[in-house]
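Structure first, then comments.
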Amino acid sequence: MKYLSTRGEPATSRFCDILLEGLAPDGGLYLPERYPRIDAATLSQWRTLSYADLAFEILSLYIDDIPAGDLRALVRKTYTPAVFGTLEIVPLKPLREGLSLEALSNGPTLAFKDMAMQLLGNLFEYELGRRGAELNILGATSGDTGSAAEYAMRGKRGVRVFMLSPNGRMSAFQQAQMFSLQDANIHNIAIDGVFDDCQDIVKATSNDLEFKRSYKIGTVNSINWARLLAQVVYYFAGYFQATRSNDERVSFAVPSGNFGNICAGHVARMMGLPIKRLVAATNENDVLDEFFRTGTYRVRKGAETYETSSPSMDISKASNFERFVFDLLGRDAGRVKQLFRHDVEQKGSFTLTPQEFARIADYGFVSGRSTHADRVATIRDTWRRFDTMIDTHTADGLKVALEHLEPGVPMIVLETALPAKFAETIVEALGRQPERPAGLVGLEQLPKRFETMPADAARVKRYIAEHCAA
Ligand SMILES: *Cc1c(COP(=O)(O)O)cnc(C)c1O
(Lines give C-alpha, C1' and ligand atoms only; values in the text may rest on other atoms or scores of the structure.)
Protein backbone atom coordinates (compact mmCIF):
# COMPACT_ATOMS: atom_id res chain seq x y z
CA MET A 1 0.00 0.00 0.00
CA LYS A 2 1.26 3.44 -0.96
CA TYR A 3 0.20 6.78 0.52
CA LEU A 4 -0.60 9.99 -1.33
CA SER A 5 -1.31 13.54 -0.17
CA THR A 6 -4.69 15.27 -0.29
CA ARG A 7 -2.97 18.16 -2.10
CA GLY A 8 -1.63 16.16 -5.01
CA GLU A 9 1.72 14.65 -4.04
CA PRO A 10 1.64 11.23 -5.78
CA ALA A 11 1.58 7.92 -3.96
CA THR A 12 5.20 6.98 -3.32
CA SER A 13 5.50 6.64 0.48
CA ARG A 14 4.85 3.48 2.44
CA PHE A 15 3.45 3.19 5.95
CA CYS A 16 6.71 3.43 7.91
CA ASP A 17 7.82 6.44 5.83
CA ILE A 18 4.83 8.46 7.01
CA LEU A 19 4.63 6.95 10.54
CA LEU A 20 7.09 9.45 12.02
CA GLU A 21 6.00 12.40 9.86
CA GLY A 22 3.29 15.03 10.24
CA LEU A 23 1.89 16.81 7.21
CA ALA A 24 2.95 15.81 3.69
CA PRO A 25 5.59 18.16 2.23
CA ASP A 26 2.90 19.88 0.09
CA GLY A 27 0.92 20.74 3.25
CA GLY A 28 -1.73 18.06 2.69
CA LEU A 29 -2.65 14.99 4.75
CA TYR A 30 -1.62 11.45 3.89
CA LEU A 31 -4.21 8.90 2.78
CA PRO A 32 -3.88 5.41 1.31
CA GLU A 33 -4.07 5.32 -2.50
CA ARG A 34 -7.26 3.22 -2.15
CA TYR A 35 -9.46 1.65 0.53
CA PRO A 36 -9.38 -2.17 0.47
CA ARG A 37 -12.94 -3.55 0.18
CA ILE A 38 -13.90 -6.24 2.68
CA ASP A 39 -16.15 -8.92 1.17
CA ALA A 40 -18.94 -10.68 3.07
CA ALA A 41 -16.93 -13.87 3.62
CA THR A 42 -14.04 -11.97 5.18
CA LEU A 43 -16.39 -9.93 7.35
CA SER A 44 -17.94 -13.16 8.64
CA GLN A 45 -14.53 -14.59 9.46
CA TRP A 46 -13.57 -11.45 11.36
CA ARG A 47 -16.66 -11.69 13.62
CA THR A 48 -15.07 -14.29 15.84
CA LEU A 49 -11.59 -12.76 16.18
CA SER A 50 -10.16 -11.28 19.36
CA TYR A 51 -9.69 -7.50 19.30
CA ALA A 52 -5.93 -7.82 18.77
CA ASP A 53 -6.32 -10.29 15.92
CA LEU A 54 -8.98 -8.12 14.29
CA ALA A 55 -6.60 -5.17 14.60
CA PHE A 56 -3.89 -7.24 12.93
CA GLU A 57 -6.16 -8.14 9.97
CA ILE A 58 -7.18 -4.51 9.39
CA LEU A 59 -3.73 -3.02 9.93
CA SER A 60 -2.04 -5.49 7.62
CA LEU A 61 -4.19 -4.25 4.72
CA TYR A 62 -2.48 -0.88 5.11
CA ILE A 63 0.96 -1.82 6.42
CA ASP A 64 3.15 -3.93 4.13
CA ASP A 65 6.56 -2.81 5.35
CA ILE A 66 6.51 -4.50 8.77
CA PRO A 67 6.82 -8.31 8.71
CA ALA A 68 3.51 -9.99 9.63
CA GLY A 69 4.95 -11.74 12.68
CA ASP A 70 6.28 -8.46 14.07
CA LEU A 71 3.04 -6.60 13.43
CA ARG A 72 0.99 -9.31 15.12
CA ALA A 73 3.30 -9.20 18.15
CA LEU A 74 2.97 -5.40 18.34
CA VAL A 75 -0.85 -5.41 18.33
CA ARG A 76 -1.02 -8.33 20.78
CA LYS A 77 1.28 -6.44 23.14
CA THR A 78 -0.91 -3.31 22.78
CA TYR A 79 -4.50 -4.52 23.13
CA THR A 80 -4.47 -6.53 26.35
CA PRO A 81 -7.07 -6.80 29.13
CA ALA A 82 -4.34 -5.62 31.53
CA VAL A 83 -4.13 -2.25 29.71
CA PHE A 84 -7.78 -1.83 28.63
CA GLY A 85 -9.61 -3.50 31.51
CA THR A 86 -11.74 -6.13 29.71
CA LEU A 87 -11.32 -9.10 27.41
CA GLU A 88 -13.45 -7.38 24.72
CA ILE A 89 -11.22 -4.24 24.97
CA VAL A 90 -14.15 -2.09 23.69
CA PRO A 91 -17.31 -3.66 25.21
CA LEU A 92 -20.76 -2.37 24.21
CA LYS A 93 -22.86 -1.10 27.11
CA PRO A 94 -26.54 -1.34 26.15
CA LEU A 95 -28.72 1.55 27.37
CA ARG A 96 -31.94 0.26 25.87
CA GLU A 97 -33.05 -1.73 22.83
CA GLY A 98 -31.21 -0.33 19.81
CA LEU A 99 -29.07 2.15 21.73
CA SER A 100 -25.68 1.47 23.30
CA LEU A 101 -22.40 3.03 24.30
CA GLU A 102 -19.13 1.62 23.00
CA ALA A 103 -16.59 1.84 25.84
CA LEU A 104 -13.40 3.28 24.37
CA SER A 105 -12.11 4.92 27.54
CA ASN A 106 -10.82 2.16 29.77
CA GLY A 107 -7.17 2.68 28.85
CA PRO A 108 -4.62 4.27 31.21
CA THR A 109 -5.77 7.90 30.76
CA LEU A 110 -9.54 7.25 30.70
CA ALA A 111 -10.12 8.73 27.23
CA PHE A 112 -10.41 7.10 23.80
CA LYS A 113 -7.10 8.61 22.64
CA ASP A 114 -5.37 5.69 24.38
CA MET A 115 -6.87 3.33 21.76
CA ALA A 116 -4.59 4.77 19.08
CA MET A 117 -1.78 6.25 21.13
CA GLN A 118 -0.88 3.00 22.91
CA LEU A 119 -0.32 1.39 19.50
CA LEU A 120 1.63 4.40 18.30
CA GLY A 121 4.02 4.06 21.25
CA ASN A 122 4.79 0.46 20.31
CA LEU A 123 5.09 1.27 16.58
CA PHE A 124 7.46 4.18 17.29
CA GLU A 125 9.69 2.08 19.52
CA TYR A 126 9.79 -0.69 16.90
CA GLU A 127 10.53 1.56 13.92
CA LEU A 128 13.09 3.74 15.74
CA GLY A 129 14.81 0.56 16.89
CA ARG A 130 14.96 -0.76 13.32
CA ARG A 131 16.48 2.51 12.12
CA GLY A 132 18.77 2.96 15.09
CA ALA A 133 17.19 6.42 15.43
CA GLU A 134 15.79 8.60 18.21
CA LEU A 135 12.83 10.95 18.42
CA ASN A 136 12.04 13.81 20.77
CA ILE A 137 8.33 14.44 20.85
CA LEU A 138 7.45 18.05 21.57
CA GLY A 139 3.82 18.88 22.25
CA ALA A 140 1.42 21.29 23.90
CA THR A 141 -1.62 20.04 25.75
CA SER A 142 -4.57 21.28 27.72
CA GLY A 143 -5.57 17.77 28.71
CA ASP A 144 -6.29 14.49 26.94
CA THR A 145 -3.71 14.39 24.15
CA GLY A 146 -0.69 15.12 26.33
CA SER A 147 -1.53 12.51 28.93
CA ALA A 148 -2.36 9.87 26.29
CA ALA A 149 1.00 10.56 24.59
CA GLU A 150 2.94 10.34 27.86
CA TYR A 151 1.31 7.07 28.93
CA ALA A 152 1.98 5.62 25.47
CA MET A 153 5.63 6.67 25.31
CA ARG A 154 6.72 6.18 28.94
CA GLY A 155 9.70 3.87 29.20
CA LYS A 156 9.93 3.42 25.41
CA ARG A 157 13.44 3.13 23.99
CA GLY A 158 14.51 5.85 21.57
CA VAL A 159 11.69 8.25 22.50
CA ARG A 160 11.59 11.26 24.83
CA VAL A 161 8.51 13.40 25.44
CA PHE A 162 8.62 17.12 26.21
CA MET A 163 5.06 18.16 27.01
CA LEU A 164 4.14 21.80 27.62
CA SER A 165 0.99 22.65 29.57
CA PRO A 166 -0.40 25.93 30.91
CA ASN A 167 0.65 26.17 34.57
CA GLY A 168 -2.31 25.70 36.91
CA ARG A 169 -4.92 25.60 34.16
CA MET A 170 -5.59 21.89 33.79
CA SER A 171 -7.97 20.07 36.11
CA ALA A 172 -6.30 18.69 39.24
CA PHE A 173 -6.96 15.19 37.96
CA GLN A 174 -5.43 15.81 34.53
CA GLN A 175 -2.40 17.50 36.03
CA ALA A 176 -1.87 14.68 38.53
CA GLN A 177 -2.18 12.10 35.77
CA MET A 178 0.70 13.65 33.86
CA PHE A 179 2.90 15.02 36.61
CA SER A 180 2.91 11.80 38.66
CA LEU A 181 4.82 9.95 35.93
CA GLN A 182 8.36 9.26 37.16
CA ASP A 183 9.80 7.83 33.92
CA ALA A 184 13.10 9.38 32.92
CA ASN A 185 12.02 9.86 29.27
CA ILE A 186 8.94 11.95 30.17
CA HIS A 187 9.42 15.68 30.73
CA ASN A 188 6.49 17.79 31.96
CA ILE A 189 7.00 21.52 31.47
CA ALA A 190 4.45 23.82 33.09
CA ILE A 191 4.50 27.14 31.24
CA ASP A 192 3.49 30.38 32.99
CA GLY A 193 0.81 31.30 30.45
CA VAL A 194 -2.22 29.94 28.63
CA PHE A 195 -2.53 27.05 26.18
CA ASP A 196 -1.88 29.32 23.17
CA ASP A 197 1.49 30.34 24.69
CA CYS A 198 2.44 26.65 24.86
CA GLN A 199 1.30 26.14 21.28
CA ASP A 200 3.33 29.17 20.13
CA ILE A 201 6.49 27.76 21.73
CA VAL A 202 5.97 24.43 19.94
CA LYS A 203 5.52 26.27 16.64
CA ALA A 204 8.55 28.50 17.16
CA THR A 205 10.68 25.48 18.01
CA SER A 206 9.44 23.43 15.04
CA ASN A 207 10.01 26.38 12.70
CA ASP A 208 13.65 26.51 13.77
CA LEU A 209 14.62 23.90 11.18
CA GLU A 210 18.19 23.57 12.33
CA PHE A 211 17.14 22.93 15.94
CA LYS A 212 14.42 20.58 14.74
CA ARG A 213 16.91 18.53 12.72
CA SER A 214 19.73 18.39 15.23
CA TYR A 215 17.45 17.49 18.14
CA LYS A 216 15.18 15.18 16.08
CA ILE A 217 11.97 16.95 17.09
CA GLY A 218 8.70 15.22 16.17
CA THR A 219 5.03 15.30 17.15
CA VAL A 220 2.16 12.90 17.78
CA ASN A 221 -0.73 15.09 16.65
CA SER A 222 -4.11 13.90 15.52
CA ILE A 223 -3.34 14.09 11.80
CA ASN A 224 -0.99 11.10 12.11
CA TRP A 225 -2.33 8.38 9.77
CA ALA A 226 -1.32 5.55 12.13
CA ARG A 227 -3.54 7.01 14.85
CA LEU A 228 -6.48 7.20 12.49
CA LEU A 229 -5.90 3.66 11.24
CA ALA A 230 -5.84 2.25 14.78
CA GLN A 231 -9.25 3.85 15.35
CA VAL A 232 -10.82 2.07 12.34
CA VAL A 233 -10.62 -1.20 14.28
CA TYR A 234 -13.17 -0.29 16.96
CA TYR A 235 -15.84 0.53 14.38
CA PHE A 236 -15.61 -3.09 13.21
CA ALA A 237 -15.52 -4.38 16.80
CA GLY A 238 -18.61 -2.29 17.70
CA TYR A 239 -20.48 -3.49 14.61
CA PHE A 240 -19.82 -7.16 15.39
CA GLN A 241 -21.12 -6.76 18.94
CA ALA A 242 -24.29 -4.92 17.88
CA THR A 243 -25.30 -7.32 15.08
CA ARG A 244 -25.63 -11.03 14.37
CA SER A 245 -25.24 -11.01 10.59
CA ASN A 246 -23.71 -8.85 7.91
CA ASP A 247 -27.12 -7.90 6.45
CA GLU A 248 -27.67 -5.56 9.37
CA ARG A 249 -26.65 -1.94 9.39
CA VAL A 250 -25.76 0.23 12.37
CA SER A 251 -25.17 3.95 12.92
CA PHE A 252 -22.42 5.53 15.01
CA ALA A 253 -22.61 8.84 16.90
CA VAL A 254 -19.22 10.44 17.49
CA PRO A 255 -18.35 13.37 19.81
CA SER A 256 -16.15 15.33 17.40
CA GLY A 257 -13.45 17.98 17.51
CA ASN A 258 -10.56 17.51 15.12
CA PHE A 259 -12.54 14.98 13.07
CA GLY A 260 -10.02 12.16 13.65
CA ASN A 261 -12.38 9.75 15.37
CA ILE A 262 -15.27 10.08 12.93
CA CYS A 263 -12.90 10.08 9.96
CA ALA A 264 -11.87 6.57 11.05
CA GLY A 265 -15.57 5.67 10.82
CA HIS A 266 -15.63 7.05 7.31
CA VAL A 267 -12.65 4.83 6.39
CA ALA A 268 -14.42 1.77 7.89
CA ARG A 269 -17.51 2.60 5.83
CA MET A 270 -15.41 3.02 2.66
CA MET A 271 -14.00 -0.47 3.34
CA GLY A 272 -17.55 -1.81 3.19
CA LEU A 273 -18.54 -2.02 6.87
CA PRO A 274 -22.37 -1.72 6.82
CA ILE A 275 -22.66 1.70 8.49
CA LYS A 276 -25.89 3.58 7.82
CA ARG A 277 -25.12 6.95 9.38
CA LEU A 278 -22.10 8.65 10.86
CA VAL A 279 -23.48 11.23 13.27
CA ALA A 280 -21.02 14.06 13.98
CA ALA A 281 -21.77 15.68 17.35
CA THR A 282 -20.20 19.00 18.32
CA ASN A 283 -20.51 21.24 21.35
CA GLU A 284 -20.92 25.03 21.12
CA ASN A 285 -17.83 25.02 18.88
CA ASP A 286 -19.92 23.94 15.93
CA VAL A 287 -17.65 24.33 12.87
CA LEU A 288 -18.48 20.78 11.75
CA ASP A 289 -22.21 20.94 12.43
CA GLU A 290 -22.40 24.13 10.40
CA PHE A 291 -20.60 22.43 7.51
CA PHE A 292 -22.85 19.37 7.42
CA ARG A 293 -25.97 21.54 7.58
CA THR A 294 -24.94 24.23 5.08
CA GLY A 295 -21.90 23.17 3.03
CA THR A 296 -19.90 26.12 4.38
CA TYR A 297 -16.73 25.36 6.36
CA ARG A 298 -15.83 28.44 8.38
CA VAL A 299 -12.76 28.36 10.62
CA ARG A 300 -13.31 30.24 13.89
CA LYS A 301 -11.03 32.90 15.32
CA GLY A 302 -9.53 32.59 18.80
CA ALA A 303 -12.13 34.91 20.35
CA GLU A 304 -14.91 32.84 18.72
CA THR A 305 -13.62 29.57 20.18
CA TYR A 306 -15.46 28.94 23.43
CA GLU A 307 -14.18 27.20 26.55
CA THR A 308 -16.84 24.60 27.29
CA SER A 309 -17.49 21.76 29.70
CA SER A 310 -16.51 19.29 26.94
CA PRO A 311 -13.06 20.87 26.50
CA SER A 312 -11.54 18.21 24.25
CA MET A 313 -13.95 19.30 21.53
CA ASP A 314 -13.11 23.02 21.79
CA ILE A 315 -11.55 23.48 18.38
CA SER A 316 -11.60 26.34 15.89
CA LYS A 317 -10.71 24.20 12.87
CA ALA A 318 -10.91 20.45 12.41
CA SER A 319 -7.43 19.30 11.47
CA ASN A 320 -8.45 15.94 9.93
CA PHE A 321 -11.39 17.29 7.98
CA GLU A 322 -9.46 17.71 4.73
CA ARG A 323 -9.24 13.91 4.46
CA PHE A 324 -13.01 13.52 4.20
CA VAL A 325 -13.37 16.47 1.82
CA PHE A 326 -10.76 14.87 -0.48
CA ASP A 327 -12.89 11.71 -0.75
CA LEU A 328 -16.12 13.69 -1.02
CA LEU A 329 -14.73 15.59 -4.02
CA GLY A 330 -13.77 12.39 -5.83
CA ARG A 331 -10.11 12.77 -4.73
CA ASP A 332 -9.67 15.92 -6.82
CA ALA A 333 -6.49 17.32 -5.23
CA GLY A 334 -6.71 20.51 -7.31
CA ARG A 335 -10.13 21.33 -5.89
CA VAL A 336 -8.96 20.48 -2.33
CA LYS A 337 -6.01 22.81 -2.77
CA GLN A 338 -8.31 25.57 -3.94
CA LEU A 339 -10.61 25.12 -0.93
CA PHE A 340 -8.02 24.67 1.82
CA ARG A 341 -4.96 26.53 0.59
CA HIS A 342 -6.70 29.32 -1.21
CA ASP A 343 -10.15 29.86 0.30
CA VAL A 344 -9.47 28.88 3.94
CA GLU A 345 -6.11 30.63 4.12
CA GLN A 346 -7.28 33.82 2.40
CA LYS A 347 -10.93 34.11 3.46
CA GLY A 348 -11.11 31.79 6.45
CA SER A 349 -13.85 29.69 4.86
CA PHE A 350 -15.11 27.80 1.80
CA THR A 351 -18.51 26.81 0.47
CA LEU A 352 -19.21 23.69 -1.56
CA THR A 353 -21.20 23.93 -4.79
CA PRO A 354 -24.77 22.55 -4.51
CA GLN A 355 -23.68 19.47 -6.52
CA GLU A 356 -20.77 18.83 -4.16
CA PHE A 357 -22.94 19.38 -1.10
CA ALA A 358 -25.54 16.90 -2.38
CA ARG A 359 -22.93 14.10 -2.33
CA ILE A 360 -22.61 14.22 1.48
CA ALA A 361 -25.71 12.04 1.82
CA ASP A 362 -23.90 9.24 -0.08
CA TYR A 363 -21.27 9.20 2.66
CA GLY A 364 -23.81 8.78 5.46
CA PHE A 365 -22.91 11.94 7.39
CA VAL A 366 -25.40 13.88 9.51
CA SER A 367 -24.72 16.19 12.45
CA GLY A 368 -25.94 18.13 15.43
CA ARG A 369 -24.73 20.31 18.29
CA SER A 370 -25.08 20.39 22.04
CA THR A 371 -24.76 23.05 24.74
CA HIS A 372 -23.72 23.00 28.39
CA ALA A 373 -27.39 22.82 29.43
CA ASP A 374 -27.90 19.86 27.05
CA ARG A 375 -24.89 18.06 28.54
CA VAL A 376 -26.10 18.51 32.10
CA ALA A 377 -29.61 17.33 31.16
CA THR A 378 -28.29 14.32 29.23
CA ILE A 379 -25.95 13.26 32.05
CA ARG A 380 -28.84 13.52 34.54
CA ASP A 381 -31.28 11.70 32.29
CA THR A 382 -28.85 8.85 31.52
CA TRP A 383 -28.14 8.40 35.21
CA ARG A 384 -31.83 8.33 36.15
CA ARG A 385 -33.14 6.17 33.32
CA PHE A 386 -30.24 3.82 32.63
CA ASP A 387 -28.26 3.91 35.87
CA THR A 388 -25.19 4.84 33.82
CA MET A 389 -22.83 7.74 34.45
CA ILE A 390 -21.42 9.37 31.32
CA ASP A 391 -18.90 12.14 30.80
CA THR A 392 -19.56 15.49 29.14
CA HIS A 393 -18.19 14.53 25.68
CA THR A 394 -20.16 11.30 25.54
CA ALA A 395 -23.20 13.35 26.59
CA ASP A 396 -22.75 15.56 23.51
CA GLY A 397 -22.68 12.39 21.40
CA LEU A 398 -25.74 10.86 23.03
CA LYS A 399 -27.76 14.09 22.83
CA VAL A 400 -27.21 14.31 19.07
CA ALA A 401 -27.59 10.51 18.56
CA LEU A 402 -31.15 10.69 19.95
CA GLU A 403 -32.02 13.21 17.22
CA HIS A 404 -31.00 10.73 14.51
CA LEU A 405 -32.47 7.41 15.69
CA GLU A 406 -34.09 5.30 12.97
CA PRO A 407 -36.28 2.25 13.57
CA GLY A 408 -34.40 -1.01 13.01
CA VAL A 409 -30.95 0.59 12.93
CA PRO A 410 -28.97 0.15 16.15
CA MET A 411 -27.23 3.35 17.25
CA ILE A 412 -23.80 3.07 18.86
CA VAL A 413 -22.55 6.15 20.75
CA LEU A 414 -18.79 6.24 21.16
CA GLU A 415 -17.86 6.83 24.80
CA THR A 416 -14.79 9.05 24.45
CA ALA A 417 -13.94 9.66 28.12
CA LEU A 418 -14.91 8.52 31.61
CA PRO A 419 -16.79 10.87 33.97
CA ALA A 420 -13.90 10.77 36.49
CA LYS A 421 -11.99 13.20 34.25
CA PHE A 422 -14.67 15.88 34.36
CA ALA A 423 -15.88 15.84 37.96
CA GLU A 424 -17.08 19.45 38.10
CA THR A 425 -19.90 19.00 35.59
CA ILE A 426 -20.85 15.61 37.05
CA VAL A 427 -21.30 17.26 40.45
CA GLU A 428 -23.38 20.00 38.81
CA ALA A 429 -25.61 17.45 37.08
CA LEU A 430 -25.89 14.74 39.73
CA GLY A 431 -24.86 16.34 43.02
CA ARG A 432 -22.27 13.63 43.58
CA GLN A 433 -18.68 12.85 42.67
CA PRO A 434 -18.01 10.58 39.68
CA GLU A 435 -16.85 7.02 40.17
CA ARG A 436 -13.12 6.60 39.80
CA PRO A 437 -11.35 3.40 38.69
CA ALA A 438 -9.74 1.72 41.72
CA GLY A 439 -6.13 2.21 40.61
CA LEU A 440 -6.56 5.99 40.45
CA VAL A 441 -7.87 6.68 43.94
CA GLY A 442 -5.48 9.11 45.64
CA LEU A 443 -3.81 10.08 42.34
CA GLU A 444 -3.59 13.76 43.35
CA GLN A 445 -1.48 12.85 46.42
CA LEU A 446 1.31 11.14 44.46
CA PRO A 447 4.70 12.90 44.17
CA LYS A 448 4.84 15.19 41.12
CA ARG A 449 7.68 15.55 38.64
CA PHE A 450 7.67 18.72 36.50
CA GLU A 451 9.55 21.92 35.68
CA THR A 452 8.04 25.40 35.64
CA MET A 453 9.20 27.89 33.01
CA PRO A 454 8.24 31.31 31.65
CA ALA A 455 6.60 31.42 28.19
CA ASP A 456 9.94 31.68 26.43
CA ALA A 457 10.88 29.42 23.50
CA ALA A 458 14.61 29.93 24.08
CA ARG A 459 14.32 28.57 27.64
CA VAL A 460 12.39 25.52 26.44
CA LYS A 461 14.95 24.85 23.70
CA ARG A 462 17.78 25.07 26.20
CA TYR A 463 15.98 22.58 28.45
CA ILE A 464 15.49 20.15 25.54
CA ALA A 465 19.15 20.46 24.53
CA GLU A 466 20.29 19.76 28.10
CA HIS A 467 18.10 16.67 28.36
CA CYS A 468 18.98 15.04 25.05
CA ALA A 469 22.17 13.08 25.54
CA ALA A 470 23.90 13.69 22.21
C1 LIG B 1 -10.02 14.23 21.46
C2 LIG B 1 -11.38 14.02 22.05
C3 LIG B 1 -12.56 14.18 21.28
C4 LIG B 1 -12.54 14.65 19.84
O5 LIG B 1 -12.03 13.68 18.96
P6 LIG B 1 -11.54 14.11 17.49
O7 LIG B 1 -10.86 12.90 16.97
O8 LIG B 1 -10.60 15.27 17.69
O9 LIG B 1 -12.76 14.49 16.72
C10 LIG B 1 -13.78 13.90 21.89
N11 LIG B 1 -13.85 13.52 23.18
C12 LIG B 1 -12.75 13.36 23.94
C13 LIG B 1 -12.91 12.95 25.37
C14 LIG B 1 -11.47 13.60 23.41
O15 LIG B 1 -10.39 13.45 24.18
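In each ligand, atom 1 is the first atom listed, and ligand 1 is the first ligand listed. Numbers for residues simply follow the sequence, beginning at 1.
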Which of the atoms of ligand 1 are close to [X], meaning less than 4.0 Å from one of its heavy atoms?
{"X": "S256", "value": "9 (O)"}
{"X": "A417", "value": "13 (C)"}
{"X": "F259", "value": "6 (P), 8 (O), 9 (O)"}
{"X": "P255", "value": "4 (C), 10 (C)"}
{"X": "M313", "value": "10 (C)"}
{"X": "G257", "value": "4 (C), 6 (P), 8 (O), 9 (O)"}

>> Would you say the rings of F84 and Y79 are close, in the sense that their centroids are separated by under 6.0 Å?
In response: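 Between Y79 and F84, the centre distance is under 6.0 Å.
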Return the residue, atom name and 0.1 Å-rounded distance of the protein heavy atom closest to [atom].
{"atom": "atom 6 (P) of ligand 1", "result": "N258 N, 3.6 Å"}
{"atom": "atom 7 (O) of ligand 1", "result": "N261 N, 2.9 Å"}
{"atom": "atom 14 (C) of ligand 1", "result": "K113 NZ, 2.9 Å"}
{"atom": "atom 11 (N) of ligand 1", "result": "T416 OG1, 3.0 Å"}

> In this structure, are over 12 heavy atoms from other groups packed under 6.0 Å from R359 atom CZ?
Replying inline: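 For R359, atom CZ is crowded (more than 12 foreign heavy atoms under 6.0 Å).
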Indicate yes or no: does [X] engage [Y] in a salt bridge with an N to O separation below 4.0 Å.
{"X": "R436", "Y": "E444", "result": "yes"}
{"X": "D183", "Y": "K156", "result": "no"}
{"X": "R7", "Y": "D26", "result": "no"}

> Quick check: does G260 get an N/O under 3.5 Å from an N/O on ligand 1?
Replying inline: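 Yes, at least one N or O pair falls under 3.5 Å.
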> Between V409 and R249, what is the shortest heavy-atom contact and its length?
Replying inline: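 Shortest heavy-atom separation between V409 and R249 comes out as CG1-O, 3.7 Å.
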> Between D374 and T371, is there a donor-acceptor pair closer than 3.5 Å when you use the side chain of the first and the backbone of the second?
Replying inline: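 Such a contact is found between D374 side chain and T371 backbone.
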> Under 6.0 Å from the six-membered ring centre of Y35 and within 45° of its axis: does the NZ or CZ of R331 meet both?
Replying inline: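 Relative to the ring axis of Y35, which defines the angle, R331 lies inside both limits.
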> Could a heavy atom of S222 be found less than 4.0 Å from some atom of ligand 1?
Replying inline: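 It does not; every heavy atom stays at 4.0 Å or beyond.
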>> Please state which option from F422, F321, F112 has its nearest heavy atom closest to atom 5 (O) of ligand 1.
In response: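 Residue with the shortest heavy-atom distance to the ligand atom: F112.
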>> Within the 3.5 Å criterion, strictly below it, is a donor on T308 or D314 matched to an acceptor on the partner's side chain?
In response: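 Yes, side-chain donor-acceptor contact under 3.5 Å.
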